[in-house]
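Can you keep this structure in mind? I'll have questions shortly.
Everything numeric in this text was worked out from a predicted model, so none of it was measured. Note that ligands are numbered from 1 as they come in the structure, with each ligand's atoms numbered from 1 the same way.
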Amino acid sequence: MLLRDGSYFCIMQAKGPIGIFDSGYGGLTVLKEIIKELPQYNYLYLGDNARAPYGSRTFETVYHYTLQCLQWFFKQECPLVIVACNTASAKALRTIQQNDLHQFGSSKRVLGVIRPTTEIIGNLTSSKHIGILGTTGTVQSLSYVIEIEKFFPKVKVFQEACPMWVPLIENNEHLSAGADYFVKKHLDNLLHQSSNIDTVLLACTHYPLLISKIMQYLPTNIKIISQGNIVAESLKRYLNRHPEIEINCTKTGETNFFTTDSVDDFNKHAGIFFEKSIQSKHVNIPEE
Ligand code: DGL
């Protein structure tokens with residue numbers, strides 16, 4: 001801030017970790033890639049497992065839950081939170097950015113996973129026909145259709161909601177024979193919408209866990225895109241462009257994990273997503 005005598009008065013901001021949020025475990029597939037790209041920062045992961053999945057919930061509920069979780073992150077001094085959940089990014093992010101963020105202070109930021117993906121996805125298709133696989137909430141919001149149209153007006157977008165995929169993954173049934181039925185069913189439904197689809201986006205951060213089964217049922221000429229590295233690269237560019245935010249991020253390379261449900265379940269299950277063992281802590285949201 002410039003003072004009347006021409007000198008500068010600097011308001012000291014508390015520093016904190018970068019927050020990574022998901023309804024459950026899916027955001028860990030994004031966090032893993034972010035740490036690979038930006039290992040120097042501290043991260044705070046929160047899975048709202050007690051209230052997951054978000055995918056079939058109303059706009060109001062997803063907005064309410066996401067806002068409560070963001071309040072918790074900002075109380076932990078996070079300067080920046082990545083909503084590593086497509087459902088929450090589609091249903092709650094814009095409203096929170098426009099109406100609620102200011103109450104946490106002018107230097108707080110929240111970013112989602114849809115914008116970084118839609119900014120580049122049109123560059124990955126030759127046929128200009130893209131398939132989107134997501135939760136019912138993400139698909140119904142039409143966020144991908146609207147955002148891709150803005151960046152790549154010539155690209156045609158086809159969507160398929162896969163409401164059983166997150167429950168299969170959250171219940172560790174994603175590699176079972178039963179999962180094949182639901183994987184094949186939704187891929188067939190998507191491909192029936194257009195025979196020209198050459199790129200399929202996994203628009204749910206849980207879905208990379210199903211990649212082996214998805215590969216089994218998709219023709220080999222179709223590219224499968226997951227979001228982890230797209231979001232990681234976009235965050236790197238964001239921090240370069242915003243030194244005023246970057247300076248508030250702590251940098252000792254430490255990551256802490258929180259869950260709103262059972263710590264034992266989280267520790268057991270999260271390793272499958274994160275590919276490393278995890279020791280989490282419990283938090284009630286909203287805090288009592
Ligand atoms: N991982 C979340 C996403 O990217 C969704 C899971 C859920 O339904 O809660 O959409």
Side-chain angles (χ1 to χ4, degrees), residues 19-34 45-70 81-94 96 110-118 121 131-145 147 159-174 179 182-183 186 200-211 214 224-232 234-235 257-261 265-266 269-270 272-274 285:
I20 310 285
F21 167 63
D22 184 46
S23 58
Y25 301 106
L28 293 166
T29 63
V30 175
L31 175 61
K32 196 173 64 185
E33 298 301 326
I34 290 179
Y45 185 89
L46 173 65
D48 191 8
N49 300 76
R51 304 188 289 192
Y54 281 12
S56 46
R57 296 193 188 275
T58 63
F59 273 84
E60 289 70 26
T61 304
V62 174
Y63 162 72
H64 186 62
Y65 288 176
T66 304
L67 184 58
Q68 286 178 339
C69 292
L70 289 174
V81 181
I82 309 295
V83 176
C85 172
N86 286 271
T87 312
S89 296
K91 290 188 156 190
L93 185 62
R94 173 114 359 128
I96 290 173
V110 54
L111 303 171
V113 288
I114 296 181
R115 174 75 189 249
T117 309
T118 53
I121 188 107
I132 305 287
L133 298 165
T135 65
T136 305
T138 299
V139 165
Q140 280 176 352
S141 75
L142 295 178
S143 297
Y144 276 96
V145 178
E147 291 296 314
Q159 302 195 97
E160 172 71 5
C162 315
M164 287 302 290
W165 287 13
V166 169
L168 281 168
I169 296 165
E170 294 264 325
N171 288 293
N172 209 7
E173 289 289 339
H174 54 288
F182 289 104
V183 170
H186 291 300
V200 166
L201 172 69
L202 307 185
C204 170
T205 54
H206 280 67
Y207 295 175
L209 269 87
L210 278 170
I211 200 140
I214 294 171
I224 306 166
I225 311 294
S226 18
Q227 295 174 296
N229 55 346
I230 297 176
V231 175
S234 164
L235 175 60
F257 299 88
F258 284 81
T259 174
T260 55
D261 208 359
D265 285 352
F266 190 89
H269 212 63
I272 306 169
F273 291 76
F274 195 57
I285 305 269

Taking the six-membered ring for Trp, are F274 and F257 ring centroids under 6.0 Å apart?
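When the ring centroids of F274 and F257 are compared, they turn out to be within the sub-6.0 Å range.
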Polar atom proximity, G55 to ligand 1 (N or O, under 3.5 Å)
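Looking only at distances, the answer is yes, because the N/O contact criterion of under 3.5 Å is met.
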Does T135, backbone or side chain, put an N or O under 3.5 Å from an N or O of ligand 1?
no
Donor-acceptor contact present, side-chain Y45 to main-chain G27, <3.5 Å
yes
With a cut-off of 4.0 Å, which atoms of ligand 1 are near a heavy atom of Y54?
7 (C), 8 (O), 9 (O)
In terms of the angle between their ring planes, are H186 and F182 parallel, tilted or perpendicular, with boundaries placed at 30° and 60°?
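Parallel.
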Should T138 be counted as touching ligand 1, given the test is an N or O pair under 3.5 Å?
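No: no nitrogen or oxygen of T138 is under 3.5 Å from one in ligand 1.
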Determine whether the side chains of N86 and Q227 contain a donor N or O and an acceptor N or O closer than 3.5 Å.
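Side chains of N86 and Q227: pair found under 3.5 Å.
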Can a side-chain donor-acceptor contact be found between T138 and S141 if the only test is distance below 3.5 angstrom?
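No.
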For atom 5 (C) of ligand 1, grab the closest protein heavy atom and report residue, atom and distance to one decimal in Å.
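Here the closest protein heavy atom is T87 OG1, 3.6 Å.
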Protein heavy atom at shortest distance from atom 3 (C) of ligand 1:
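It is N86 N, 3.2 Å.
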Kindly state whether the ring of Y25 and the ring of H269 have centres lying under 6.0 angstrom apart.
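Ring centroids of Y25 and H269 are less than 6.0 Å from each other.
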Among all protein heavy atoms, pick out the one at the shortest distance from atom 6 (C) of ligand 1; state its residue, atom name and that distance to 0.1 Å.
S23 OG, 3.5 Å
Residue-ligand contact C85/ligand 1, heavy atom below 4.0 Å:
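It does, in that a heavy atom of C85 comes within the 4.0 Å cut-off of ligand 1.
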Taking the six-membered ring where the residue is Trp, are the ring centres of Y207 and W165 under 6.0 Å apart?
yes
At a non-hydrogen distance cut-off of under 4.0 Å, which region of D22 contacts ligand 1 (side chain, backbone, both, or neither)?
side chain
